[in-house]
Peer 1: 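Pasting a structure here, questions to come.
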Protein chains: 2
Amino acid sequence: MPVPAGRSPVMADVARLAGVSHQTVSRVLNGHPNVRAETQARVQAAIEELGYRRNSSARALVTRRTGVIGVVAFDTTHYGPAQTLAGIEHAARADGYFLSVVTLQTVTPAAVREAMDYLAQQSVEGYVVIAPKRAVVEGLADQPAGRPVVAVEGGEAPDVPMVCVDQVGGGYLATRHLLDLGHRTVHHIGGPRDWLEAEGRIEGWRRALEEAGAEIPEPHFGDWRPRSGYDIGVRLAADPAITAVFVANDQMALGTLRALAEAGVRVPEDVSVVGFDDIPESAFFTPPLTTVAQDFTEVGRRGIGLLIDLLEESGDGAAAPPARRVVPARLVTRTSTAPARA
Amino acid sequence: MPVPAGRSPVMADVARLAGVSHQTVSRVLNGHPNVRAETQARVQAAIEELGYRRNSSARALVTRRTGVIGVVAFDTTHYGPAQTLAGIEHAARADGYFLSVVTLQTVTPAAVREAMDYLAQQSVEGYVVIAPKRAVVEGLADQPAGRPVVAVEGGEAPDVPMVCVDQVGGGYLATRHLLDLGHRTVHHIGGPRDWLEAEGRIEGWRRALEEAGAEIPEPHFGDWRPRSGYDIGVRLAADPAITAVFVANDQMALGTLRALAEAGVRVPEDVSVVGFDDIPESAFFTPPLTTVAQDFTEVGRRGIGLLIDLLEESGDGAAAPPARRVVPARLVTRTSTAPARA
DNA sequence: GCGGGGAATGTTAGCGCTAACAATGTTGCC
DNA sequence: GGCAACATTGTTAGCGCTAACATTCCCCGC
């Protein structure tokens with residue numbers, strides 16, 4: 001009986017079929033050097049004949065490594081996090097790690113803690129946390145089990161290694177672009193205040209204005225969704241002095257465009273608008289949106305890279321200061337921006 | 001020494017601290033009935049004092065259950081799959097399962113097979129495959145290890161249990177809506193032909209037209225992206241006879257709206273447009289898009305529900321015919337549709 | 001007072017794998 | 001020829017847990 005009925009084959013079955021000890025099978029599986037080529041071939045053949053698969057639990061039990069990385073993500077219709085997750089997944093798989101994902105509805109430290117706890121039950125080796133809010137990042141520092149954590153997509157955070165897009169640089173880029181077009185100043189529709197990304201973008205905006213000696217108007221704050229960009233847009237449309245708006249994401253910018261259109265304000269003739277994210281739709285807005293693109297895939301890749309470094313160095317000398325990798329943002333110019341009226 | 005230095009505590013440590021055998025600790029952990037309340041409390045206290053966590057590998061090794069569900073998803077900027085994934089995750093966690101996710105770049109049977117193989121290494125108990133293409137669904141039937149598979153988001157498929165939104169019904173709804181507004185016929189911009197969703201939507205469209213005795217124009221096919229909707233839209237705009245278009249997703253509809261606007265065709269006065277998906281942006285398109293909403297969360301929930309049924313019944317009598325659960329679609333009326341010109 | 005029965009707990013034997021060590025060849029060199 | 005050095009293989013002992021069986025304890029009824 002080639003395949004023992006009723007149960008899937010184990011290493012001993014392969015060993016018996018190949019006429020070796022189970023240890024030799026293990027050696028073949030682990031690419032151990034000292035195995036004769038002929039033996040290796042015989043074992044390999046037996047493995048294929050039986051359709052043998054190594055039992056990951058048994059292996060994990062003895063090696064004390066599960067090869068699983070826990071990811072805390074957000075249940076979101078936002079483009080960025082979804083893309084980042086995909087980037088993380090590819091990078092992890094390329095390095096032979098598995099990904100266990102928990103998505104959260106609410107972005108609170110408690111929810112994150114709970115999610116990490118849940119993942120800990122599964123013996124993940126480390127965590128990647130998509131942590132776009134300040135409170136979340138702060139809650140990350142004191143991890144109980146001492147498993148490494150990498151934060152992704154957050155802004156500035158002190159004690160946790162992290163990877164993020166240069167939000168400040170992106171905000172600066174957007175604002176600078178509008179100033180370069182001759183606009184006196186640039187109004188801003190920001191994201192929720194407790195989001196690190198929103199914070200970075202607003203800071204870049206402010207910095208560009210300061211640097212140019214421009215007036216700094218009071219910013220408005222939305223909730224990332226089109227509706228809020230619309231509501232604020234309605235108010236902005238009423239002020240004829242406004243000629244340039246930098247909106248903290250494309251979805252809100254969409255709402256703003258719509259509000260302006262309804263008010264009879266032409267974009268870009270009367271008002272220039274810049275968004276942030278470069279979602280796939282934004283090239284087809286009315287008008288196509290100038291925006292700031294983020295390389296989320298790269299963020300995911302570096303996040304995993306950082307975590308794996310942490311995982312594999314673990315145990316060596318003193319902990320290096322938490323690493324921090326910043327991915328640059330890039331301006332994508334379309335037709336929602338134009339030179340200021342003379 | 002309360003916590004043994006250097007290694008995390010195991011069951012025996014808890015047992016020692018609580019003055020019981022490790023088996024009693026196990027019993028407490030597993031909610032076994034025959035444990036004295038006082039003993040249970042003592043064990044519980046010891047667990048907390050040591051910060052003990054059960055080793056999932058050891059447990060999985062002996063119980064032969066990992067509690068992990070493998071998910072094959074797609075690296076996509078499409079709204080639907082991302083939402084479905086979130087729905088799947090919530091449902092799985094609610095039932096105490098873990099999720100191991102692989103995202104694919106290409107939707108081919110080989111890629112899916114490979115992904116499932118990768119997941120098999122991790123001893124997943126079953127699979128949820130987001131399988132929007134016919135070829136993929138077909139490749140699913142002959143799973144080697146006999147682990148259950150549930151397909152999600154596909155259309156009609158013979159041998160695999162599956163959960164999907166009623167695409168045909170949705171296409172019918174969209175088309176019927178336009179016919180009810182007095183349009184003579186409805187043109188269609190479909191998704192890629194090998195996508196099951198595209199197929200269902202086109203069939204619903206065709207059925208509504210047939211039922212109404214309307215002429216059935218040759219459909220056009222895009223690739224789901226705004227650009228393709230735009231390109232086709234440019235052509236449609238040139239034909240003044242066209243008064244109603246049903247586009248198979250919102251992103252393409254966005255492109256179509258843009259093409260019509262550029263050609264000076266007014267929506268909805270000259271042409272009515274209906275999309276599909278109800279992405280968050282579509283309420284803010286120019287004009288706000290009438291579309292068909294899908295309850296992706298519900299799809300995810302039912303998908304997991306179905307898989308868990310399969311997992312937990314497994315071993316009982318004859319396999320029931322593959323289950324099939326259909327979630328209805330819902331029309332969302334906005335201002336991109338209006339009665340036909342007289 | 002004592003045997004029976006159930007509740008509460010302990011003891012033992014693996015689950016399937018890898019690491020460490022032991023035991024064989026097998027070669028080369030004096 | 002004999003022995004050291006190495007390559008190759010086998011043997012043994014757990015990893016931390018749960019299931020099955022064994023034991024103890026206590027209460028009950030006769």
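In what follows, every chain begins at residue 1, and chains take the letters A, B, ... in the order their sequences are listed.
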Peer 1: Taking for each residue the nucleotide of DNA chain C bearing the nearest heavy atom, is the 5' side occupied by B:Gln23 or by B:Val62?
Peer 2: B:Gln23
Peer 1: Base of D:dT9, side chain of A:His32 - is there a donor-acceptor contact under 3.5 Å?
Peer 2: no
Peer 1: To the nearest Å, how far apart are B:Met11 CE and C:dT11 P?
Peer 2: 16 Å
Peer 1: Quickly work out the A:Arg42 CZ to D:dG10 C1' distance and round it to whole Å.
Peer 2: 14 Å
Peer 1: Do the charged groups of B:Glu125 and B:Arg147 touch, with an N to O distance under 4.0 Å?
Peer 2: no
Peer 1: Look at all strands and tell whether B:Ser57 reaches a base, only sugar-phosphate, or nothing, counting heavy atoms closer than 4.0 Å.
Peer 2: nothing
Peer 1: Salt bridge check, A:Asp117 against B:Arg53: does any charged N sit closer than 4.0 Å to a carboxylate O?
Peer 2: yes
Peer 1: Side-chain N or O of B:Arg59 less than 4.0 angstrom from OP1 or OP2 on D:dG16?
Peer 2: no
Peer 1: Using whole Å, report how far CG of B:Asp13 lies from C1' of D:dC15.
Peer 2: 14 Å
Peer 1: Would you classify B:Ser21 as touching base, sugar-phosphate or nothing, given that sugar-phosphate means primed atoms plus P, OP1 and OP2, and contacts are heavy atoms under 4.0 Å?
Peer 2: base
Peer 1: Side chain of B:Arg64: nearest nucleotide among C:dC17, D:dT18, C:dG16?
Peer 2: C:dG16
Peer 1: Would you compute the distance between atom CZ of A:Arg302 and atom CG of A:Leu307 and round it to the nearest 0.5 angstrom?
Peer 2: 16.0 Å
Peer 1: The criterion is side-chain contact (heavy atoms from CB on, under 4.5 Å); which residues satisfy it with B:Glu38, sequence neighbours excluded?
Peer 2: B:Arg36, B:Arg42
Peer 1: Output the rounded distance in Å from NE2 (B:His22) to P (D:dG16).
Peer 2: 12 Å
Peer 1: Side chain of B:Asn34: nearest nucleotide among C:dT9, D:dG16, D:dT18?
Peer 2: C:dT9
Peer 1: Let me spell it out: for each of B:Arg27 and B:Ser56, pick the nucleotide of DNA chain D with the closest heavy atom. Which residue's pick is nearer the 5' end?
Peer 2: B:Ser56
Peer 1: What's the CZ-P distance between B:Arg65 and D:dG16, to the nearest Å?
Peer 2: 24 Å
Peer 1: What is the distance, rounded to the nearest whole Å, between atom CD of B:Gln122 and atom C1' of C:dG16?
Peer 2: 17 Å
Peer 1: Which nucleotide sits closest to the side chain of B:Thr39: C:dT18, C:dA8, C:dG16?
Peer 2: C:dA8
Peer 1: In whole Å, what is the span from the CG atom of B:Leu61 to the C1' atom of C:dA13?
Peer 2: 13 Å
Peer 1: Are the charged groups of B:Asp194 and B:Lys133 less than 4.0 angstrom apart, N to O?
Peer 2: yes
Peer 1: Over how many whole Å does the gap from B:Arg36 atom CZ to C:dG10 atom C1' extend?
Peer 2: 14 Å
Peer 1: Classify A:Asn55 by what it touches in the nucleic acid, base, sugar-phosphate, or nothing, heavy-atom distance under 4.0 Å.
Peer 2: sugar-phosphate
Peer 1: B:Thr24 side chain N/O closer than 4.0 Å to the phosphate oxygens (OP1, OP2) of C:dG10?
Peer 2: yes
